[in-house]
Protein chains: 2
Amino acid sequence: MATIKDVAKLAGVSVATVSRALNDSGYVSEESRKKVEQAIKELEFTPNEVARSLFQKSSKIIGLLLPDISNPYFPIVAKGVEDRAQEKGYMVILGNVEDNPEKETTYMKFFSQYNISGVLSVAVVKNSRHTNGPYVLLERASDKEDYSVSTDDVLGGRLAAEAIAKHAKGKVIVIAGPKEVQGSVDRLIGNIEVLKEKYIDYEVFESGTFQISDAEKIAYDLFERYTDFDSVIASNDVTALAIIKEAHKRGLTVPEDLQLIGYDNIPFSQLSSPGLTTIGQPAYDTGYKGATLLLNLIEKKPIHNKKVKLKPELVVRETLRKES
Amino acid sequence: MATIKDVAKLAGVSVATVSRALNDSGYVSEESRKKVEQAIKELEFTPNEVARSLFQKSSKIIGLLLPDISNPYFPIVAKGVEDRAQEKGYMVILGNVEDNPEKETTYMKFFSQYNISGVLSVAVVKNSRHTNGPYVLLERASDKEDYSVSTDDVLGGRLAAEAIAKHAKGKVIVIAGPKEVQGSVDRLIGNIEVLKEKYIDYEVFESGTFQISDAEKIAYDLFERYTDFDSVIASNDVTALAIIKEAHKRGLTVPEDLQLIGYDNIPFSQLSSPGLTTIGQPAYDTGYKGATLLLNLIEKKPIHNKKVKLKPELVVRETLRKES
DNA sequence: TTGAAAGCGCTACCAC
DNA sequence: GTGGTAGCGCTTTCAA
């Protein structure tokens with residue numbers, strides 16, 4: 001690897017001049033610039049970012065903390081982050097924290113050891129802000145956090161309940177996600193608001209988890225616990241998919257015997273059969289806009305909007321009954 | 001952030017001693033070590049990895065190149081890599097290259113700028129070895145590559161075909177993945193070997209892609225093109241799931257009218273209904289063992305096995321007919 | 001407009 | 001056993 005010294009020698013100037021040319025800082029004569037550019041090309045020189053960040057105390061890397069990379073929703077967020085980061089010449093380091101505060105702490109420590117310039121977090125843990133640097137919360141915004149991009153979950157909850165309400169005949173079961181997650185309580189609020197407005201009979205089933213591995217158990221428990229329902233509002237797509245499967249196992253047809261709606265619009269909700277009607281979370285946008293916000297913070301650009309709110313939308317497929 | 005100098009001052013020793021204590025290199029008296037440890041604790045000192053890597057010309061970061069992070073198979077691989085890396089105190093930087101050689105080049109350049117100590121690649125692009133450092137290929141091993149961990153795809157292909165053959169009545173359609181990918185040609189070889197051995201009527205349908213977005217089109221084309229088949233061997237689970245859906249749309253029941261088998265055992269194959277019978281690729285193990293191999297390479301430990309081969313296995317669920 | 005030189009935090013050599 | 005110091009590759013004063 002060629003260094004800035006090699007470039008300087010070849011170009012017949014000092015390293016200081018090369019550095020200035022590299023960063024467009026200070027004065028460099030047209031002539032010197034030409035010579036430097038030529039030398040850079042010849043040596044295939046690329047600046048060593050490690051040395052650069054040692055001096056600047058900040059590297060062009062951002063950290064991304066995800067709760068569960070095997071849940072297909074998060075890779076999409078990650079892709080949004082990655083795309084935006086790459087546009088701005090940043091790399092992203094990914095940390096899978098699995099709702100484990102210890103892993104989160106470990107990562108935050110790593111991050112600061114590497115002079116990471118900012119972090120994006122979808123982690124669930126409260127008070128997890130172990131950094132003084134730029135930090136933006138994704139998806140699970142709390143009131144106290146300064147910067148965040150999240151989806152209007154109350155609205156999403158309303159959308160889901162409205163869609164279900166239109167064709168509900170019997171009781172509606174609402175599956176509630178973990179109470180610690182603001183987003184899932186908001187959805188529940190939205191669900192219930194609508195159900196009450198329309199005087200629809202419902203019951204809330206606490207599932208208390210978002211982990212993919214538990215979805216099947218939830219589905220099983222649901223049918224063991226209740227019998228007199230014909231509609232369910234699931235807390236996420238994974239759960240909804242598990243419920244479809246369990247319903248089929250029990251000889252029920254979807255949506256005739258049981259209609260249901262998911263939440264997230266993960267890629268697979270499209271491939272299930274019947275295709276899952278769900279609420280689309282703008283996963284990619286969340287990542288992309290989150291990264292944009294973070295990068296603006298890092299570059300100390302003026303921020304118009306500390307809390308970006310995205311809108312969810314109803315994605316109609318085949319798990320809701322037709323007009324009845 | 002406290003630095004090594006602060007520690008030295010507080011402990012009343014030189015920075016050299018602190019460094020030795022930190023790295024267990026050279027002699028440090030018990031007394032000095034105690035004082036240093038005390039000072040470290042007091043100042044909450046953590047070594048600056050950037051400075052360390054500037055000197056060592058290598059950071060405790062490994063790069064992971066993935067072809068498509070939204071394909072649920074890859075996040076599992078990533079998790080295996082991440083777990084192993086974290087055990088050894090390494091971080092992983094993730095790059096989503098989307099079978100795009102340019103993005104791959106960009107990442108490799110980033111990696112070298114950050115003195116990354118090694119890279120793990122599941123990327124499809126040939127001759128993509130833009131590095132002289134430790135490099136291990138995952139999943140898509142070619143003959144020429146020195147280090148790799150991959151699954152025995154011919155065996156996987158055989159397993160799939162054997163399972164299908166047991167209950168095939170009419171023609172079997174074999175969906176072939178992209179020819180550029182060694183793994184998918186190997187699977188096809190395995191498929192055909194068995195089908196020929198058993199004198200089963202089959203046809204090969206070239207799909208030419210692994211991208212999730214194309215799966216539905218492939219499924220549609222399949223039914224438009226052929227009518228006289230009752231079994232399909234899909235090139236991956238995503239495609240298989242799309243075929244189930246298309247079959248249902250056309251009023252066919254699975255597995256009675258159409259039996260099929262996937263490949264990969266992605267998490268969702270379990271949640272589909274009926275549950276998808278498939279060939280399990282040891283995704284997590286691939287990542288975990290790949291990282292182990294890479295880390296051994298980095299630490300210049302003796303390598304027993306340059307090309308690790310993992311065994312696929314049949315995962316029986318509900319898309320194959322019972323004994324007929 | 002340019003270059004010499006200091007220094008970012010750390011490691012490793014060498015002398016004591 | 002220990003400490004002084006050079007130097008990793010870069011940026012940024014400061015003088016010239």
Side-chain angles (χ1 to χ4, degrees), chain A residues 1-37 39-40 43-61 89 109-117 133 299, chain B residues 1-37 39-40 43-61 89 109-117 133 299:
Chain A
M1 276 266 83
T3 75
I4 200 173
K5 256 190 198 158
D6 301 324
V7 176
K9 201 179 296 171
L10 185 61
V13 298
S14 74
V15 292
T17 302
V18 177
S19 175
R20 279 189 294 257
L22 233 39
N23 299 291
D24 281 323
S25 59
Y27 299 94
V28 184
S29 68
E30 199 45 46
E31 199 194 331
S32 299
R33 165 161 279 121
K34 279 247 170 65
K35 284 192 290 187
V36 169
E37 274 167 11
I40 287 176
L43 296 167
E44 293 187 3
F45 166 80
T46 45
N48 179 325
E49 284 296 332
V50 174
R52 187 176 266 179
S53 32
L54 177 58
F55 187 90
Q56 320 232 280
K57 292 168 179 314
S58 144
S59 58
K60 295 190 97 178
I61 300 182
K109 193 172 145 196
F110 266 145
F111 288 171
S112 81
Q113 292 189 147
Y114 280 100
N115 288 170
I116 269 173
S117 57
E299 296 172 356
Chain B
M1 278 262 82
T3 75
I4 199 173
K5 256 190 199 159
D6 302 325
V7 176
K9 200 179 298 172
L10 184 61
V13 298
S14 73
V15 291
T17 301
V18 177
S19 175
R20 278 190 294 258
L22 234 39
N23 301 290
D24 280 325
S25 60
Y27 299 95
V28 183
S29 68
E30 200 44 47
E31 199 195 332
S32 299
R33 164 161 282 121
K34 279 246 170 62
K35 284 191 291 186
V36 169
E37 274 166 11
I40 287 177
L43 296 167
E44 293 187 6
F45 166 81
T46 46
N48 179 325
E49 284 296 331
V50 174
R52 188 175 264 180
S53 34
L54 177 60
F55 187 89
Q56 320 231 284
K57 292 167 178 315
S58 144
S59 57
K60 295 189 100 179
I61 299 182
K109 194 172 143 194
F110 265 146
F111 288 172
S112 82
Q113 292 189 143
Y114 280 99
N115 289 169
I116 269 173
S117 58
E299 295 172 357

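Chain A is the first sequence line, chain B the second, and so forth, proteins listed ahead of strands; every chain is numbered from 1.
Applying the salt bridge (Lys or Arg N to Asp or Glu O under 4.0 Å) rule to B/E37 yields no partners; only residues at least two apart in sequence or on another chain are considered. Residues satisfying the ring pair (Phe, Tyr, Trp, His ring centres under 6.0 Å) criterion with B/F111, sequence neighbours excluded, are B/Y107.
Nucleotides of DNA chain D lying under 4.0 Å from heavy atoms of chain A occupy a range whose first and last members, 5' to 3', are D/dG9 to D/dT12.
Distances were taken from every side-chain heavy atom of A/S29 (C-beta onward) to each of C/dC10, C/dT2, C/dA5; the shortest belongs to C/dT2.
Without hydrogens or angle criteria, A/S59 side chain to A/Y114 main chain gives a donor-acceptor distance under 3.5 Å. Side-chain N or O atoms of B/S117 include one that pairs as donor or acceptor with a backbone N or O of B/I61 at under 3.5 Å.
Distance, B/K60 NZ to C/dG9 P: 21 Å, rounded to whole Å. Atom pair A/Y114:OH and C/dG9:C1' shows a separation of 14 Å (rounding to whole Å applied). Whole-Å rounding puts the B/R20 CZ to C/dA12 C1' distance at 9 Å. Protein atom CG of B/L22 is 15 Å distant from nucleotide atom P of C/dG9, rounded to whole Å.
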Exercise for review: Kindly determine whether A/V7 and A/L43 satisfy side chain to side chain contact (heavy atoms under 4.5 Å, CB included), including the steps that lead there.
Suggested key: CA-CA 7 Å; A/V7 176; A/L43 296 167; 4.0 Å; yes

Review point. Can you list the steps and then say if B/T17 with B/K35 is a side chain to side chain contact (heavy atoms under 4.5 Å, CB included)?
Key: CA-CA 11 Å; B/T17 301; B/K35 284 191 291 186; over 6 Å; no

Review point. Could you go step by step and tell me if A/L22 and A/F45 meet the side chain to side chain contact (heavy atoms under 4.5 Å, CB included) rule?
Key: CA-CA 11 Å; A/L22 233 39; A/F45 166 80; 3.8 Å; yes

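In this structure, B/V15 and B/A8 approach most closely via the heavy-atom pair N-CB, 3.7 Å. Across B/N23 and B/R52, no two heavy atoms sit closer than the pair OD1-NH2, 3.1 Å.
Contacts between residues 1-13 of chain B and DNA chain C, counted as heavy-atom distances below 4.0 Å, involve B/T3, B/I4. Contacts with DNA chain D (heavy atom under 4.0 Å) in residues 44-53 of chain A: A/F45, A/P47, A/N48, A/A51, A/R52, listed by number.
Of the two residues contacting DNA chain D, namely B/V15 and A/F55, the nearest-nucleotide position lying further toward the 5' end is that of B/V15.
Within the structure, the salt bridge (charged side-chain N to carboxylate O under 4.0 Å, His left out) test picks out the following pairs touching residues 15-28 of chain A (sequence neighbours left out): A/D24-A/R33.
Side chains of B/M1 and B/N48 form no contact here, defined as non-hydrogen atoms less than 4.5 Å apart.
In this model, the phosphate group of C/dC10 is not approached by any side-chain N or O of B/S19 to a distance below 4.0 Å at OP1 or OP2.
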